[in-house]
S.K.: 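For reference, the structure I am asking about is given below.
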Number of protein chains: 2
Amino acid sequence: MAEHEELPAGAGRDAIDELNGIRQSIDNIDAALIHMLAERFKFTQQVGRLKARHGLPAADPARELQQIQRLRALAEEARLDPGFAEKFLNFIVAEVIHHHVAIAGGQPGVGDGQAPGAAIGVMPDSAIGAPAPATAEPAGPAS
Amino acid sequence: MAEHEELPAGAGRDAIDELNGIRQSIDNIDAALIHMLAERFKFTQQVGRLKARHGLPAADPARELQQIQRLRALAEEARLDPGFAEKFLNFIVAEVIHHHVAIAGGQPGVGDGQAPGAAIGVMPDSAIGAPAPATAEPAGPAS
């Protein structure tokens, strides 16, 4: 928490307390988001491995369209901008795709947003077929 | 669910069943992510309104740095690439900032990633000071 922040002139202790309280809520949500994203990438990697194992096509446009439509509808119910929800899904999928080449190791057909086995966002121990190293350097778009 | 998808030659019923099961899990996670993002934007808008009300500065670099460091540490624990976690936070913050001008309505100083009042990603009824219309057109970066 930003308990140490300076009190701007005129803000008042109550305002700062309220701000800190809201920030604690934002922090809780961010922690939840991070952990759920971790799980999501584990699942998409499972999809990647399964597809590689069974020769299933990487891309599945019908599935992708259905995902977008579903998330947009859920966003509307949650009072979240459906355009943003779609943009968010595309952001996640782009990260999965971006790294699939590096991780898939030459397995043809592995490369849709569902799952490449791309350890996008996930530590390399989740790569297709690779054993899990105990202390792997994290791989990912920004590291 | 993609129950209707065509069975690629050689895939086998078991593989498709397994794929559908994993996709159901991904769908559950995506629904949870959408709802939590909705709540996050409600909180950041509260921050925006509070800051506007009390003349607090929009940007808070110390807070932003702390958020990044905290999320990177949580990502490591969750076996998620910390670089991706940081990229994700920046993605969310960028969306909030991108629309704050449109929503803030000329309130100086309102514009950091914490909250502008930017109905980024949120239906306009959450804009600073605006009453909630019953059926507002969604506003947002991609709609």
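Note that the structure is a prediction, hence the values are computed from the model and not measured. Residue numbering restarts at 1 for every chain, and letters A, B, ... go by the order of the sequence lines.
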S.K.: Any ion pair linking A/D27 and B/R40 (charged N to carboxylate O, less than 4.0 Å)?
M.R.: no

S.K.: Between B/A78 and A/A38, what is the shortest heavy-atom contact and its length?
M.R.: O-CB, 3.4 Å

S.K.: What's the separation between atom CG in A/L50 and atom CG in B/D14, rounded to the nearest 0.5 Å?
M.R.: 10.0 Å

S.K.: Taking all non-hydrogen atoms of both residues, which atom of A/F84 and which atom of B/E95 are closest, and how far apart?
M.R.: CE1-CG, 3.2 Å

S.K.: For the residue pair B/N28 and A/R70, what are the closest heavy atoms and their distance?
M.R.: N-NH2, 4.4 Å

S.K.: Can you tell me how far the CG atom of A/L80 sits from the CZ atom of B/F41, to the nearest 0.5 Å?
M.R.: 6.5 Å

S.K.: Compare every heavy atom of B/I22 with every heavy atom of A/V47, then report the nearest pair and how far apart it is.
M.R.: CG2-CG2, 3.4 Å

S.K.: Is there side-chain contact between A/R23 and B/D60, with at least one heavy-atom pair below 4.5 Å?
M.R.: yes

S.K.: Enter the distance from A/L37:CG to B/L74:CG here, rounded to the nearest 0.5 Å.
M.R.: 12.0 Å

S.K.: Run the salt bridge (Lys or Arg N to Asp or Glu O under 4.0 Å) test against B/E18 and tell me which residues pass, sequence neighbours left out.
M.R.: A/R53

S.K.: What distance separates B/K42 NZ from A/R79 CZ, expressed to the nearest 0.5 Å?
M.R.: 9.0 Å

S.K.: Could you measure the distance from the CD1 atom of B/I92 to the CD1 atom of A/I26? Nearest 0.5 Å is fine.
M.R.: 11.5 Å

S.K.: Between atom CE of A/M36 and atom CG of B/L33, what is the distance when rounded to the nearest 0.5 Å?
M.R.: 4.0 Å

S.K.: Which bit of A/F88 comes within less than 4.5 Å of chain B, counting heavy atoms only: side chain, backbone, both or neither?
M.R.: both

S.K.: What part of A/I34 is in contact with chain B, defined as an atom under 4.5 angstrom from a non-hydrogen atom: side chain, backbone, both or neither?
M.R.: both

